[in-house]
Every structure is written in C-alpha cells, then in structure tokens.
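Report on the structure given below.
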Amino acid sequence: MPQQQLVSNKVMYGAKVPSKTSNGPSKGLPPTPDNDMKCQPISAVCPYNSALYKFTIHGIFEFDSGRIKARVTLKTPIKTWSNARGEGKLFSLNLVDESGEIRATAFNESVDKFYESLEMNKVYYFSNYSVKPANKNFSNVNHDYEITFNSSTQVSPCLNDSDVPTTQFNFIPINKIAENDPTSYVDVIGVCKNVGDVVTFTARTTNKELKKRDITLVDQSNTSVSLTLWGSQAEEFDDTNQPVIAVKAGRINEFGGGRSVSMTQASIMLVNPDIPEAHKLKGWFDNHGVTQETVNISARTGTGGVGFDGNWMSFKEVHDAQLGGGDKPDYFNCKATVLLVRSENATYRACPQVDCNKKVVDMGNDMYRCEKCQAEYPNFKYRLLLSMCLGDWTSNQWVTCFQEVAEEILGVTAQEVGTAENTDQNMYNSFFKNATFKSFIFKLRAKMEFYNVSSWCVCDERRLKVTIAQVKPINFKEYNNTLMDNIKKLSDIDFTKEV
DNA sequence: CCCCCCCC
C-alpha cells in the first residue's frame, strides 16, 4: 500500500499545523511531517480523553484529539482468523513513548490502509483511534487499555523522534523466572552460550509443521534458561560470538519441573541491543561468566519443588472424567503405591554428552555413535525409562517415567542399574523388587492416545498414557491438610468450631 | 472483531 496513507499535512479538528513544506524527504516518501503537534502521553490514553480540549494563552480552544507520538517497537505479521463470529485479518503494534507503552490493533480495511506503511522502530503520530480495556489475560504490554484503529484513524510519520525511547524492558534475573507463573510473560536478558539444532515437528493441535530451536541464555545470577525460537527466527538465528539476547514478553513454560521461556507472536527479541544492561552483561560474561558453573532452570528435575498445587484426583476419578481427552495433557496429583515395576528394557545406553540423552548405536568396535551429535564415543551413560503400575485406593494405572524420577523411586542411580544388569542379575532384579509397595506423592501427566486399529474400518483404539512428571516423598502432615481441605469442601460442618 | 503461539 502506498505511503500516502500516512497523512501528515491534513489538519484534523483544527489542530495547529504548519502548511506543507517543500523540503520533505525524497520522492515517494511522505512530505516533511509536522513535528509540532500537541500530544498526550501514552500512559494517559483511556476511553474518556480521546478528545481533549485545551484553553490556550491566545484564548482559543485547541483539540489534541488524544493524539500520541509513539515509536513502533513491535509489528506483527498479518494474521487471519475465522471463527463462529466471522472472519477477518489483523495485525498489531506495540507503541512506546517516554511515559509508557500500549498495544494497537488494526483490523481488515485498516490492515490494507496501514500495514505496508508502518515500519518497525519508526516514530509516528496516531490520532482518532478507538480505546478499549486491554484484556489482561492476553496483554503483555503494561497498559490498562489498548488502541483499535478505525475508519477515521490518522497516522503520520514523525522525523523529530530523538526524544522517543526504543523498546522498554523490565528485565528480571534468570534465577527469578521460576518465581513467576507458567504462561505469564517476562523480560529477560542473557548471553547466548549455547544453541540447539533446528527441530521440525508436527503440531498435535493444528497438524501444522513447525520449526523450533532452543538456545541457552545465562546471566549474572549464574543461572541459565532455555529460550525457544520458532519458524524463521529459529532458522536464521546466528550465535556468532555469543551475542547478548534481550527478550521482551517471553512466555514462561513449565516442563518436567523445569522452566523455559518461549517466543510468541507478541514477543520481541533484540540481538546485541545497545543498552547499558547488555554491555554490563557482556563484560561480566567475558571476564567471569564464561568459566562459571551455572544452574539450569530448564532442566527436568522430576523432583523439583514446582507445581504440586491444585488438582488432586484418584485414578477412578481420572478415568471417570476421561482426563487427557483434550488437545493438551492434563495434570493431576495423587498419593499412590508402586505395585509393580517392569525390569525389562528399563535402561538404555545414551550419548555421554552432558546435554544430550539420545540413545547411542553400538558400532561393534567398542565405539558408540550418537546420531544427534554426529559423533562416536568410546563410552556412554545409562539412562532409565521405567514402566510401572501404580495403585491408589480406587484403582490402578500403568505409567512411565524417566531418569530423575526413576532414580528417585528406585533409590539407585541409572548407572548402578545399568552396571548391575550386566554383572549381577540378582542385584538388578532386587532394585525393582525393592521399589514395590513404596508410596509417594506423584504429579502425573495424562494424555489420551489413539491407535488406528485398521485402515479399512473406523475403529480407533484409545489408551490413556500417563507419565510421572514429578515425584516426592509423602509429607504426612501436608498430605493430611490436603485431605482435610477436601473434607471441608465436601461438608457443611464447620470444623473450626468445638464439637 | 484477536487472545492460538505449538514439541518433548
């Protein structure tokens, strides 16, 4: 769409604007904009002052019509939607001035009108827009309201933009990320000390093929976190010279007790931004950080203190409620007893690299090949992948668990299990026998899996796959409190009164 | 008027 959509010489609502001048930018670009338009700060944008009247020293009324002067710090791609209420297209912007930030969204005709002309990092005047409350569930800019473009909305470029800041960050140290709730948004800054491969997979929900890449960020708290990049950002990421990465509005994810940050459509990533925090961080990393040991908060702990809150269920309740039938897995907590642990195929030989757990191929010459690392090693490490039957007072359930959880339940390391398997079959068997009839508090992940039994008749077999996300010993005082809470909820009896 | 942001 043409640049002319950005009107700079039109006067709206009688605002005082100099006439069009001849010394504008080169041909094809908008004429020299008016840099003297009255504006309100972004922090003051609300539905009730989108037209402000002012009494000037000249004794006349001026309108500033809620005009703002703002830098575009995020411009999303055009997104189309189709739902029960209709279909359409939209894009959104993050707008920043010295007072704050706000999100603006353009729908349908406004997309055609403004999408091409508005450029990242440039400053514009915006006026005659609609204002509505921001939905805090989805908002990741710090403002109570958001702007919607309408048919009267005017946008004009502003070249006198030195007073308008760039992206505003509110960084938190990486070691504080886990204190925030999963699915909330945070700003983080870190040195990219590691990059993973680009991984392609098919999304369960949309069947779309997706590309992702995890990179590892570290900061002065000597803590590292995994940042997930998507699509072209994943493919084009360049980790040359361990750049500083600043992320605004990254989404916190929880997996297996660890936390990671993921880019979303509304996140902003800057590589080596020219901001004080970045220079300080790079200085720290080059002098100290590069050799420091770090705690990785994205590691799956299996036993971490995260997330036993909420959903307590018995196995019968889980089955009755058809848990795991949705698009996403369901999590529940329960107290259960190990009834049986399968000793067959409990261990596998994995790549010896610290961050790689890929199964290795025995080359037959005392060398083991990892396809992921594309390397051969003279050694390997044992890892556990256990299948076991758990029982509670209502029913039982087969579950699987991995390394850390399996070690916690067996009470021995994967290495000990693997060694015993080859040297002492009695000891090996005893590891599994000893685990039976132990009770724990489990956090379990349930997801229904479907098997197409036959291609010529529609006959889908379904099976509930349950994985242990976390395990911990039973703290009876704490568990009894949980039971008491349940009883209170089920009862009208006031337990706080003496009987 | 979107608000899904994906996977282990």
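Because the structure is predicted, anything quoted here is derived from the model rather than measured. No hydrogens, no waters, no symmetry mates; every other heavy atom, side chains included, goes into these values.
Regarding Asn140(A), its CG atom lies at a distance of 13 Å from the P atom of dC5(B), rounded to whole Å. Atom NZ of Lys89(A) and atom C1' of dC4(B) are 20 Å apart (whole Å). Summarising the geometry, the separation between OH on Tyr145(A) and C1' on dC2(B) is reported as 20 Å, rounded to the nearest angstrom. Distance CG (Leu229(A)) to P (dC6(B)): 13 Å, rounded to an integer number of Å. Rounded to an integer number of Å, the gap from CZ of Phe255(A) to C1' of dC6(B) is 14 Å. Counting to the nearest Å, the P atom of dC4(B) and the NZ atom of Lys212(A) are 22 Å from each other. When the C1' atom of dC5(B) is taken as reference, atom CD of Gln233(A) falls 13 Å away, rounded to whole Å. Between the CG atom of Leu93(A) and the C1' atom of dC2(B) there is a distance of 14 Å, given to the nearest Å.
The aromatic ring centres of Phe149(A) and Tyr129(A) sit 6.0 Å or more apart.
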When the side chains of residues 100-108 of chain A are checked against the rest of the protein, which donor-acceptor pairs come out under 3.5 Å, sequence neighbours left out?
{"unit_1": "Glu101(A)", "atom_1": "OE1", "unit_2": "Lys248(A)", "atom_2": "NZ", "d": "3.0"}
{"unit_1": "Glu101(A)", "atom_1": "OE2", "unit_2": "Asn142(A)", "atom_2": "N", "d": "3.1"}
{"unit_1": "Glu101(A)", "atom_1": "OE2", "unit_2": "Lys248(A)", "atom_2": "NZ", "d": "3.3"}
{"unit_1": "Asn108(A)", "atom_1": "OD1", "unit_2": "Lys89(A)", "atom_2": "N", "d": "2.9"}

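Listed nucleotides: dC8(B), dC2(B), dC7(B). Nearest to the side chain of Phe201(A): dC7(B). Considering only the side chain of Gln265(A), dC5(B) comes nearest among dC6(B), dC2(B), dC5(B). Of all nucleotides listed (dC1(B), dC2(B), dC6(B)), dC6(B) comes nearest to the side chain of Leu210(A). Out of dC2(B), dC8(B), dC6(B), the shortest distance to the side chain of Ser262(A) is found at dC6(B). Of the candidates dC6(B), dC7(B), dC8(B), dC7(B) carries the atom nearest the Thr228(A) side chain, counting heavy atoms from C-beta on.
When heavy atoms are screened at a 4.0 angstrom cut-off, Lys132(A) is found touching base atoms of the nucleic acid. Arg445(A) comes within contact range of no nucleotide atom at all, as no heavy-atom separation falls under 4.0 Å. Among the atoms of the strands shown, only primed sugar atoms or phosphate atoms (P, OP1, OP2) are found under 4.0 Å from some heavy atom of Asn83(A).
In terms of phosphate contacts, Arg85(A) brings a side-chain nitrogen or oxygen within less than 4.0 Å of OP1 or OP2 of dC2(B). When the side-chain nitrogen and oxygen atoms of Arg251(A) are compared with OP1 and OP2 of dC6(B), one or more of them lie within a distance under 4.0 Å. For Asn253(A) and dC6(B), the shortest distance from a side-chain N or O to OP1 or OP2 is below 4.0 Å.
Panel note: side chain Arg342(A), backbone Ser387(A); no donor-acceptor pair is recorded below 3.5 Å.
Between the base of dC2(B) and the side chain of Glu146(A) there is a donor-acceptor pair shorter than 3.5 Å.
In this structure, Ser260(A) and Thr264(A) both approach DNA chain B, and ranking their closest nucleotides by distance from the 5' end singles out Thr264(A).
Taking a centre distance below 5.5 Å and an interplanar angle below 30 degrees as the stacking criterion, Trp230(A) does not stack against the six-membered base ring of dC6(B).
Remark: Lys447(A) does not engage Asp330(A) in a salt bridge, criterion side-chain N to carboxylate O under 4.0 Å. For Arg349(A) and Asp362(A), the salt-bridge test passes: some basic side-chain N is under 4.0 Å from an acidic carboxylate O.
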